Amino acid sequence: MAPQLTLQAPLELPPDQVPAYLETLWSQGLKGSTGAATFSLVVWEPSWLQQQLVRTGRLDGPISGLLSEELLEAARSAVTDCGLPPSTAPSAPELAWALGQQEGHHSAPDLRGQFVDRAISAHRPRRLITLAPTLTADTPLETLVAAYCPLPEERGSGEDACGDVVVLRGGMGAIQQGLAILQPLIEPDLPCWVWWNGSLDESPEVLEALATPPRRLVLDSSIGSPRRCLDQLVERIATGQAVNDLNWLRLRSWRESLAMVFDPPSRQGALQHVVQLDIDVEGHHPVKGLLLAAWIADRLGWHLETSYQLPTNGDGEGIGAEFQRGDGESVQFRLMPVPVGLAKTHPGALVGLRLICAPHGQAPLCVILCSESGGCMRLEAGGVASMELAEEVVPMPNESEEMELARLLGGGHDTTNPLLAAAAPLAAKLLPE
């Protein structure tokens, strides 16, 4: 957390006393402060993977809720030990589930909600509320409260920037009962963000209770079953709720790289003559690849005709589709899962993209984008040697979820990104039933 002066150390209180305690704390003018007029941030922070890695003795504590390099290294080792495919991402829910089947009784201090990433604390939330469910289902509800202020030299322009932290920790049943105290804790006159930092498959009733409009929802469509992830995106966007998808934000460098390839005037016209789009992803979570394909199709005005499953040479299935361009010509789309030796942090990371254009009276153009972690040998096959070839390596920013969230907090974003709003429904249609 950013340098700060703690005005009141973490204090454990009975849950029903928390709202009144905080109201009294600030109404009495804590050290002359009335609290920052910024926003509230509610975080669902199950951290099942970190809890299981600690319980099985693969990782030392404390439990922070952050995806550190040490945690990712331990998770990748566990993928092999659990007999999961090498392409399993360390943050994939199936890894936490597999670890849950193993013996272990190690424990560590649980600092979720008290261990705030500097990138988030720099925006000085007025109130940070963390819901921290525990592995032990019958753990009673504990509520912790702390107040803080940045050090004077960190405040800037002398403005009031003090805030408080509330942690609700316990078994799932206890957490659900504790939801009743949330509403009086959320300032009605300030924006409220809800960060669902877990799988979209779990606890739908809790998600429904937390992410009520007009609260702004941040989720990750790479964590959870593909159908559930896309349906959640589409349904909430359709209601007009402000939705931000961290999985979509990770596509930024791919969208920018593809746009730069077509910046030269000699290539711009080729975009109107695309005949084939191929995308390779790690493992069997296609959502990120579908979002990228949907963005391309939407920007170029393609109409989806049909989508279907494709057989692969290995395990699992790919996805095929046919689009119709504005001039009536067809575009073939294929998304294929590919094996990798070292999976990236999140499921379904992009490995490569190939776009083939066939302008009338010109040589075909083949554009290939590759991630840094692997080549695109599969995409370089299939007769592309006879085409004009434009090949680029996409820079992969190594930014944490907390950094991406901080960017959202800093930018406001009280509406859904219009590009995401257009791409998500089309991506959902691309996923075969």
Side-chain angles (χ1 to χ4, degrees), residues 250-283 286 288-308 310-314 317-340 344 348-396 419 423 426-427 430:
R250 297 184 201 111
L251 281 172
R252 185 186 304 110
S253 56
W254 288 87
R255 300 198 309 270
E256 291 174 349
S257 295
L258 186 59
M260 285 190 291
V261 168
F262 287 96
D263 267 349
S266 60
R267 289 182 184 161
Q268 290 177 4
L271 275 173
Q272 304 306 316
H273 301 280
V274 177
V275 295
Q276 185 173 330
L277 171 62
D278 298 289
I279 294 178
D280 287 351
V281 299
E282 294 181 358
K288 191 171 186 178
L290 294 179
L291 286 172
L292 181 59
W295 170 73
I296 294 172
D298 175 69
R299 293 292 86 195
L300 297 180
W302 300 348
H303 173 73
L304 178 63
E305 294 289 324
T306 183
S307 67
Y308 46 88
L310 286 172
T312 66
N313 294 327
E317 294 179 317
I319 295 173
E322 181 177 349
F323 292 95
Q324 187 179 76
R325 299 189 325 222
D327 59 3
E329 297 295 323
S330 67
V331 181
Q332 301 300 317
F333 166 63
R334 291 180 299 186
L335 183 146
M336 301 296 284
V338 296
V340 293
K344 298 187 184 68
L350 294 187
V351 175
L353 172 149
R354 178 173 64 186
L355 198 67
I356 297 178
C357 308
H360 300 300
Q362 301 180 34
L365 168 65
C366 179
V367 174
I368 296 178
L369 303 183
C370 302
S371 66
E372 290 179 332
S373 60
C376 285
M377 294 180 62
R378 195 188 77 80
L379 296 178
E380 291 167 349
V384 301
S386 62
M387 306 177 186
E388 178 191 349
L389 183 62
E391 194 164 4
E392 300 286 343
V393 173
V394 178
M396 294 289 104
L419 296 177
L426 182 53
L430 279 171

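Here the structure is a predicted model, which means the values were calculated and not measured.
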Work out which heavy atom in Lys288 is nearest to a heavy atom in Gly348; give both atom names and the distance. CB-O, 3.6 Å
Let's go through Val274 and Phe323 carefully: what are the C-alpha distance in whole Å and the side-chain angles of both, what is the deciding distance for side-chain contact (heavy atoms from CB on, under 4.5 Å) to 0.1 Å, and is it a yes or a no? CA-CA 10 Å; Val274 177; Phe323 292 95; over 6 Å; no
Can Leu258 and Ile296 be said to form a side-chain contact (heavy atoms from CB on, under 4.5 Å), step by step? CA-CA 10 Å; Leu258 186 59; Ile296 294 172; 3.7 Å; yes
So do the side chains of Ser371 and Glu282 get within less than 4.5 Å of each other, counting heavy atoms only? no
What is the minimum heavy-atom distance between Met396 and Ser253, and which atoms define it? CE-OG, 3.7 Å
For the student: nearest non-hydrogen atoms of Pro337 and Gly283, plus distance: CB-O, 2.8 Å
Sequence neighbours excluded, which residues qualify as ring pair (Phe, Tyr, Trp, His ring centres under 6.0 Å) partners of Phe333? none
Could you pull out all residues at least two apart from Leu419 that satisfy side chain to side chain contact (heavy atoms under 4.5 Å, CB included)? Trp248, Trp295, Arg299, Asn417
What pairs of residues pass the side chain to side chain donor-acceptor pair (under 3.5 Å) test when at least one of them lies in residues 270-279, not counting sequence neighbours? Gln276-Asp278, Asp278-Arg334, Asp278-Arg354
Reported CG-to-OG1 distance for the pair Leu430 and Thr306, which is rounded to 0.5 angstrom: 10.0 Å
The side chain to side chain contact (heavy atoms under 4.5 Å, CB included) partners of Val275 (sequence neighbours excluded) come to Arg325, Ile356, Ala358
Hey, mind stepping through Ile368 and Glu380 against side-chain contact (heavy atoms from CB on, under 4.5 Å) and telling me if it holds? CA-CA 8 Å; Ile368 296 178; Glu380 291 167 349; 3.9 Å; yes
Test side chain to side chain contact (heavy atoms under 4.5 Å, CB included) applied to Ser266 - qualifying residues, sequence neighbours left out: Pro264
Looking only at non-hydrogen atoms, find the nearest pair between Pro364 and Pro359 and report the distance. CA-CD, 4.5 Å
CG (Leu426) and NE2 (His303) are apart, to the nearest 0.5 Å, by 10.0 Å
Looking only at heavy atoms, what is the nearest atom pair of Gly289 and Leu350, with distance? CA-CD2, 3.7 Å
Looking at CG of Leu251 and CD of Glu256, how far apart are the two atoms once the value is rounded to the nearest 0.5 Å? 11.0 Å
Is the closest side-chain heavy-atom distance between Leu355 and Val261 below 4.5 Å? no
Working to the nearest 0.5 angstrom, can you tell me the gap between Glu388 CD and Leu365 CG? 5.0 Å
What residues form a salt bridge (Lys or Arg N to Asp or Glu O under 4.0 Å) with Glu392, not counting sequence neighbours? none
Main-chain N/O of Val331 paired with Glu322 side-chain donor or acceptor, under 3.5 Å: no
On a heavy-atom basis, which atom in Leu292 and which in Leu353 lie closest, and how many Å separate them? CD2-CD1, 3.5 Å
Could you measure the distance from the CE atom of Met336 to the CG atom of Leu379? Nearest 0.5 Å is fine. 10.5 Å
Please round to the nearest 0.5 Å and tell me the distance separating atom CH2 of Trp254 and atom CD1 of Ile279. 9.0 Å
